[in-house]
Structures are given as C-alpha cells and as structure tokens.
Amino acid sequence: MLCPYFMEDAFMRFSKMLIPTMRESPSDAETVSHKLMMRAGYVRQFAAGLYVFLPLGWHVLNKINKILEEEMNSIGAQEISMPILHPADIWQKTGRWHEIKEEMFRLKDRTERDMCLGMTHEEVIAWLASKEIRSYRDLPQIWYQIQTKLRDEARPKSGVLRTREFTMKDSYSLDADEEALDKSYKLHADAYHRILRRCGLKFYQVMSDPGMMGGATAHEFMAPSPAGEDRIELCDECGYTANVEIASSVSPPTKEIEGEYEEVYTPGKKTIKEVSDFLNAELPHFIKSLLFIANEEPVLVLIRGDQRLHEKKLEKIIGLCRAASEEEVLSILGVEAGFIGPMKHRLRILSDNSLAHGTYIAGANRVDYHIKGIRPDIHFKAEWHDLHTVKEGDTCPECNSLIKIEKVIEVGNIFKLGTKYSVLLNAVFLDKSGSERPIVMGSYGIGPARIAAAAIEQNHDKDGIIWPKSIAPFDVEIIPLNVNDTATMEVAELLYRGLKDNNIGVLMDDRDERPGVKFKDADLIGIPLHIILGTHALKDDQIEIKKRRTKEIKKVPIKYAIKEIISAVYETE
RNA sequence: CGGGGCGUAGCGCAGCCUGGCUAGCGCACCUGCCUUGGGCGCAGGGGGUCGGAGGUUCAAAUCCUCUCGCCCCGACCA
C-alpha cells in the first residue's frame with residue numbers, strides 16, 4: 001500500500017468526500033425528504049424516478065441493509081441473489097406476463113426472445129424451489145435478497161419514495177402447509193417490527209389488499225407521514241388498522257326522519273347537493289344511485305348521500321366494471337342520471353349496508369322529481385354489502401369507536417401467497433405419506449430507500465435532517481471551527497483517531513470554511529452528534545458535544561472527551 | 001393515460017405579454033486581501049447551444065408549429 005493513511009481517511013474527511021450541499025433546494029423537489037436529501041447532498045436525480053445515491057446516501061442505505069440482513073438472518077433466512085433480467089416464459093406460466101401491463105419493463109434479446117426486468121421475484125423463487133426442493137424434509141426455507149427491482153411506474157414522484165428502479169429486501173418462505181406458512185409469516189411480521197423499530201420509525205402494521213399477488217392474507221407496514229401516498233384507518237380503542245383500500249367502517253347513523261312516501265317537485269336539481277339544499281335535508285338522508293356495467297350487464301349501486309363509493313369493493317362483488325355513460329343510463333333506466341331512484345327496477349341492485357334502515361330521499365325515476373319516505377325492503381330490494389369508502393367521522397367496524405385516518409408511507413409488506421406460484425411452476429414436494437403436494441409460499445418486501453425517506457419525513461426540523469442514530473451516515477461529526485489553528489487541529493486529530501479506534505463512525509469537517517457554513521451544513525446533514533472545537537471551550541481545555549435533535553450542548557474536558565463522546569453516542573436515539 | 005405548470009450559468013430566479021445594443025441578478029465557483037462561534041467583508045475574474053428542431057422577420061430567449069424533458073393533481077400502483 002502506497003499511502004494507507006490517506007486512502008482510509010478519505011472516506012471520513014469532509015474536504016475529500018463528495019458532499020454537495022445546497023443552500024436552496026431544486027424547484028422540482030416538493031416533499032420534505034426529497035428537498036432535504038437533495039440539499040444535504042445525499043442523492044441526485046438522474047431522470048424521472050431514477051436517482052444516484054451519493055456517498056452519504058449510500059452510507060445510509062448500507063446501514064439500513066445491514067439491519068435488514070441481521071434481522072433476516074436472525075429468523076433463519078438465507079441470503080441469495082437472483083437475476084434482474086428474466087426470460088418471459090416463466091412470467092407467462094404464472095400468467096403475470098399478460099396480467100401486468102405497462103408497469104413491466106420488457107425487451108428482447110438478440111435472438112428475439114421476450115425478456116423482462118424483474119418487478120419482483122416470486123417466479124424465480126418458485127422456479128428455484130421446483131428444481132431444488134424434493135421432500136418435506138427440505139422445508140421450511142426462507143430465502144431472501146437485497147436486490148434491484150424495476151417497475152415502469154406511471155408516475156414516479158416524491159424523490160426516492162416512488163422510483164422506477166429501487167432496491168428491495170425481498171424474502172420468500174417455502175412451507176409444507178398453511179400452518180407452517182403462518183409461522184413463517186409471523187416470523188417475518190416480528191422481524192419487520194424489529195427492523196422498523198431499529199430504524200427509528202413510527203409505523204403501523206395494517207391489513208392490506210393482496211392485490212395481484214393473488215394471496216389471501218396480506219399486511220403492510222406503514223410509516224405515518226403527510227408525504228405518504230396511502231391512507232389507513234386506525235382505531236385507538238381496539239387496535240383495528242387497515243389500508244383504506246380494504247378498510248370497512250360504520251357510517252354514523254342518521255336521525256330518523258318523518259314522512260310518507262311521496263313525490264316532490266325538484267326542477268333541475270340533479271346532484272345530491274342541489275337537491276339537499278333545495279329540500280333542506282341533510283346528505284345522509286339521501287340515496288345515491290349509480291349505474292354500472294359489469295360483463296355487459298347493468299347493475300344499480302346504492303350508497304348513502306354522504307358516502308363515496310369504493311369501486312374496488314364493488315369489483316370484488318361484481319367483477320370488473322365501469323360507470324355507465326349518460327346515454328346508457330337513459331336507455332337502460334329510462335331517466336336521466338340526476339333523477340335515478342332504486343324503486344321499481346328489474347336489474348340487479350347492490351346497496352351499502354348503511355341504507356338497510358331508515359327513511360330516505362332518492363330520485364323518482366322521472367325528470368324533475370324526487371321521492372321522500374323511501375324505506376328499504378319496502379320500496380326497494382337489494383343485496384347488502386359494504387360499498388363505501390371509509391372517512392373521518394365513521395366508527396370502527398369491530399368496536400364502534402371513532403376511527404382516525406392517517407396518511408402513510410408504505411415501507412414494507414407481507415403476503416401469504418399460498419400455492420398459486422408453486423402449482424403453476426410445479427414447485428412440489430413429497431409429504432410424509434409420499435404424496436406430491438405444492439409448496440406453500442409467502443412473500444415479504446421492505447424498501448430501504450423508503451425507510452430512509454420516511455425517517456427524514458418523521459425526523460427533521462427547519463434546519464435539516466435529524467437521523468435516528470441507527471441509520472445515520474456517521475455517528476458523530478467533528479467540527480473544528482478554525483482549521484488554521486494548530487491547537488484546534490491537534491485536538492481534532494486526536495479525537496478523530498480515538499473515535500475511529502473505537503469503531504465510531506466519524507465525519508470530520510476539515511474544510512477551511514467559516515464556522516457558520518459548517519454549522520449550517522452539519523444541521524442539514526443531520527448526523528446525531530456534533531463535536532465542536534472552538535476557542536470558547538478550547539481555552540479551558542474543553543470541547544463541546546452537541547445533540548443535533550435537541551441542540552443541547554455539553555462541555556467536557558479534552559482528556560475525557562473520547563469516553564464522553566462514546567457514551568453520548570450510546571445514549572442518543 | 002387525462003388535467004395543470006415549468007425548461008434562461010452548478011442552484012434559485014428576472015427578462016418573454018409589447019421582437020431590437022454585449023442576456024441579467026442573487027448564491028455557488030476561481031484569484032488576492034481580510035476574517036474565523038451560525039451561509040463574513042472588499043476587489044478582481046471565469047462560466048450561457050436561453051431544452052431541441054423547424055418556421056415568421058432586416059432582426060427571435062421573446063411570435064408560430066412540432067418535439068423532448070421534468071414537476072404537480074388525478075387515474076394507475078407486485
């Protein structure tokens with residue numbers, strides 16, 4: 001080695017590292033984490049949804065990945081690495097080649113063979129299992145990787161929160177039966193709790209939609225943040241938590257209103273709002289009637305006036321569907337859209353549960369008229385389902401307490417896949433009785449970059465990032481205020497060596513910059529502890545230990561400095 | 001994919017509507033001096049295909065057409 005001192009050192013000296021901080025954030029950064037990651041020099045945008053991680057950002061990802069590996073290994077998972085480039089046939093076998101549309105990057109190799117870039121690796125795992133798993137004695141297995149995924153997102157956004165290329169820790173469990181799957185699932189859920197807690201995140205585990213994964217049970221790990229794209233329903237009382245995509249709720253009951261079944265004249269009043277103003281009746285007293293077309297067949301869908309239809313819930317019942325056009329409404333129901341009511345139709349009618357009792361107002365199926373005093377089961381019949389979108393003010397489906405809705409970032413998810421992939425790719429084993437059975441699979445993902453971004457969203461102030469200690473790029477930053485002062489630099493080097501020797505991650509701001517610049521950058525970058533070496537304290541043979549989060553400063557004598565700093569590292573969150 | 005916005009120096013922006021001198025400002029950068037506890041001061045300096053192509057015009061950053069890119073809202077999201 002020609003120059004070991006310098007080589008090793010360069011990674012921790014500000015003057016040698018690529019840390020391009022910016023005074024202003026680029027105008028196309030919107031969310032807090034995006035702005036701060038740009039300004040503090042963690043990432044640079046390469047193209048829409050594609051980011052370069054600079055040294056600081058890469059340090060953070062590696063810290064997170066290390067935690068992921070430790071916790072995965074602790075549940076007996078084995079790390080492997082699978083290709084990103086996949087031949088199409090395996091995806092054709094599971095049907096996802098056609099099910100997934102523009103979101104999958106597709107290409108051809110030189111022999112014109114269809115290929116794609118992996119969005120996820122269920123297919124590859126099932127292929128591998130089909131080759132290598134023979135007997136129940138080979139089970140259970142948990143295989144994982146920390147690998148790049150590619151998805152041609154319709155809309156990349158919010159910095160590294162939604163990108164087209166990202167790394168994911170994805171693991172897959174292989175089990176002999178459902179019961180064993182439950183155990184693997186639980187192991188992962190517990191591991192994910194430990195991972196996210198160690199990363200310093202506030203988070204919830206919520207029930208989620210298995211979606212295209214084709215499984216039955218699924219949960220997501222959600223970090224609350226205004227930058228989140230998802231919303232969840234929470235019940236503080238009984239602990240019910242669910243993504244609003246599948247959440248149910250009880251709409252607050254309405255006061256019973258008096259009144260006989262009678263037609264009222266409502267000239268030109270088409271929307272629920274217009275009619276409610278006109279008749280001076282509240283929204284919950286209305287029935288909203290919506291016509292949908294599923295499989296060429298019309299279906300009338302009823303929800304309460306204050307509710308919003310949840311189309312996914314509807315599709316679970318009637319399959320793929322679409323709203324009928326105005327012309328279709330006219331030709332099928334014989335009345336224009338503003339005046340539809342649920343009475344006297346022959347078609348299939350689905351109604352939200354909340355309309356099962358009470359008296360309502362709805363269209364009269366006649367232009368410019370509505371009808372009051374409509375009672376379910378008497379004036380119309382319907383199939384009763386949960387069809388509304390949950391909203392603030394609703395109550396919990398389990399315990400009827402008031403629910404909360406929060407915006408969240410999805411940082412992880414776990415799915416019970418069952419045997420869908422193993423059946424289609426022939427991943428089977430012989431059980432104790434010697435009969436062939438498909439392997440029962442589970443799939444579990446967690447996104448390091450999203451963890452980092454969520455950590456920033458949850459831990460920052462007006463001056464910059466405040467990293468949780470566990471995922472900060474360094475443990476401490478030494479800030480010698482005047483690098484031209486020999487006494488200052490002697491102490492700086494002393495501390496720098498001493499901390500490094502104790503395996504503390506140190507960044508030393510050895511730049512010849514003014515104190516203000518260093519303080520500003522240190523706050524921006526967000527390393528949890530700052531060691532300030534300035535004339536204030538040095539003349540008393542002291543240094544200052546400053547906590548980034550609280551800005552609280554403690555002066556300690558130089559001779560105890562290393563010990564004090566180390567214990568400060570340990571007590572910082 | 002629908003709607004909206006924006007591309008002028010590394011970053012943030014002005015100029016464009018109403019075409020006209022050498023395209024401007026702040027920060028950053030380089031040199032020198034000065035300064036050293038919260039983005040310091042003074043002096044000097046470098047850096048631009050005005051996103052791209054075509055058109056109109058004596059003349060285009062500015063007007064017109066096409067195109068590319070990026071952001072936001074929505075749809076979508078294993």
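Order of the sequence lines fixes the chain letters, A, B, ..., with proteins taken first and strands second; residue numbering starts at 1 for each chain.
- Distance, A/Lys546 NZ to B/rG37 C1': 10 Å, rounded to whole Å.
- Remark: side-chain polar atoms of A/Asn243 are paired, donor with acceptor, to backbone N or O of A/Glu245 under 3.5 angstrom.
- You won't find any donor-acceptor pair under 3.5 Å spanning the side chain of A/Lys35 and the base of B/rG12, going by distance alone.
- Following rounding to the nearest Å, A/Arg106 (CZ) and B/rA78 (C1') show an atom-to-atom distance of 13 Å.
- Relative to the side chain of A/Phe519, the nucleotides B/rG37, B/rA78, B/rG39 differ in distance, and B/rG37 lies closest.
- Between the NZ atom of A/Lys312 and the C1' atom of B/rA78 there is a distance of 13 Å, given to the nearest Å.
- If you check every strand for non-hydrogen atoms under 4.0 Å, A/Ala537 touches a base.
- A side-chain donor from one of A/His121 and A/Lys149 sits under 3.5 Å from a side-chain acceptor of the other.
- Between the side chain of A/Asp523 and the base of B/rG38, at least one donor-acceptor pair of N or O atoms lies under 3.5 Å.
- Between the P atoms of B/rC40 and B/rC1, the separation comes to 47 Å (whole Å).
- Ranking B/rG39, B/rC11, B/rG37 by closeness to the A/Thr21 side chain, first place goes to B/rG39.
- The side chain of A/Met119 has B/rA78 as its nearest neighbour among B/rC11, B/rA78, B/rG39.
- Counting non-hydrogen atoms under 4.0 angstrom, A/Glu410 reaches nothing in the nucleic acid.
- Regarding A/Met168, its CE atom lies at a distance of 7 Å from the C1' atom of B/rA78, rounded to whole Å.
- As the counterpart of B/rC40, no nucleotide is assigned, since no Watson-Crick or G-U wobble pattern has both distances under 3.5 Å.
- No hydrogens or angles were tested; on distance alone, nothing pairs the side chain of A/Glu24 with the base of B/rG10 as donor and acceptor under 3.5 Å.
- Nucleotides B/rU62 and B/rA53 place their P atoms 12 Å apart, quoted to the nearest Å.
- In this structure, the side chains of A/Ile527 and A/Asp475 stay at 4.5 Å or more apart for every pair of heavy atoms.
- No contact: A/Asp485 has no heavy atom under 4.0 Å from any strand.
- In this structure, A/His219 has its ring center at least 6.0 angstrom away from the ring center of A/Phe415.
- Comparing the P positions of B/rU8 and B/rG3 gives a spacing of 25 Å, expressed to the nearest Å.
- Classification of A/Glu328 and A/Arg322 as a salt-bridged pair holds, one side-chain N sitting under 4.0 Å from a carboxylate O.
- Going from the P atom of B/rG19 to that of B/rC64 covers 12 Å, rounded to whole Å.
- Here, B/rA60 and B/rC42 have their C1' atoms 40 Å apart, quoted to the whole Å.
- The CG atom of A/Asn484 sits 13 Å away from the P atom of B/rG37 (whole-angstrom rounding).
- In this entry the distance linking CD1 of A/Ile553 with C1' of B/rG37 reads 9 Å, nearest Å.
- If you take CG of A/Asp152 and P of B/rC1, they are 11 Å apart, rounded to a whole angstrom.
- A/Ser25 comes within 4.0 angstrom of sugar-phosphate atoms only, judged by non-hydrogen atoms across all strands, and of no base.
- Checking side-chain atoms of A/Glu457 against main-chain N and O of A/Ser33 turns up a donor-acceptor pair under 3.5 Å.
- Side-chain N/O atoms of A/Arg23 include one lying less than 4.0 angstrom from OP1 or OP2 on B/rA28.
- Both distances falling under 3.5 Å, in either a Watson-Crick or a G-U wobble arrangement, place B/rG7 opposite B/rC68.
- In this structure, A/Ile446 atom CD1 and B/rA78 atom P are separated by 18 Å, rounded to whole Å.
- Atoms NZ and OG1, on A/Lys547 and A/Thr572 in that order, are 5.0 Å from each other to the nearest 0.5 Å.
- When the C1' atom is compared between B/rU31 and B/rG47, the two are found 15 Å apart, to the nearest whole Å.
- In terms of position on RNA chain B, the residue among A/Thr535 and A/Trp91 whose nearest nucleotide sits closer to the 5' end is A/Thr535.
- Under the 6.0 Å distance and 45° angle rule, A/Lys169 does not count as a cation-pi partner of A/Tyr444.
- Distance check on atom P: B/rG52 versus B/rG7 gives 13 Å, rounded to whole Å.
- With a cut-off of 3.5 Å on both Watson-Crick or G-U wobble distances, the partner of B/rG2 is given as B/rC73.
- When both pairing distances are held under 3.5 Å, B/rA23 makes no Watson-Crick or G-U pair with any nucleotide shown.
- Taking the six-membered ring for Trp and the full ring otherwise, the centers of A/Trp127 and A/Tyr172 sit at least 6.0 Å from each other.
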Worksheet item: Reading nucleotides 68-75 of chain B from the 5' end, what letters show protein touch, with B for base, S for backbone sugar-phosphate only, - for no heavy atom under 4.0 Å?
Response: --SSBBBB

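- Across all strands shown, A/Lys551 has no heavy atoms under 4.0 Å from either base or sugar-phosphate atoms.
- The separation of B/rG41 from B/rC27, taken at their C1' atoms, amounts to 16 Å, rounded to a whole angstrom.
- Nearest to the side chain of A/Arg514, among B/rC40, B/rC29, B/rG12, sits B/rC40.
- Listed candidates were B/rG37, B/rG39, B/rA78. Nearest to the side chain of A/Lys520 is B/rG39.
- Judged by the 6.0 Å distance and 45° axis criteria, A/Arg106 is positioned over the aromatic ring of A/Trp97.
- The partner of B/rG48 cannot be assigned: no Watson-Crick or G-U wobble pair with both contacts below 3.5 Å exists in any strand.
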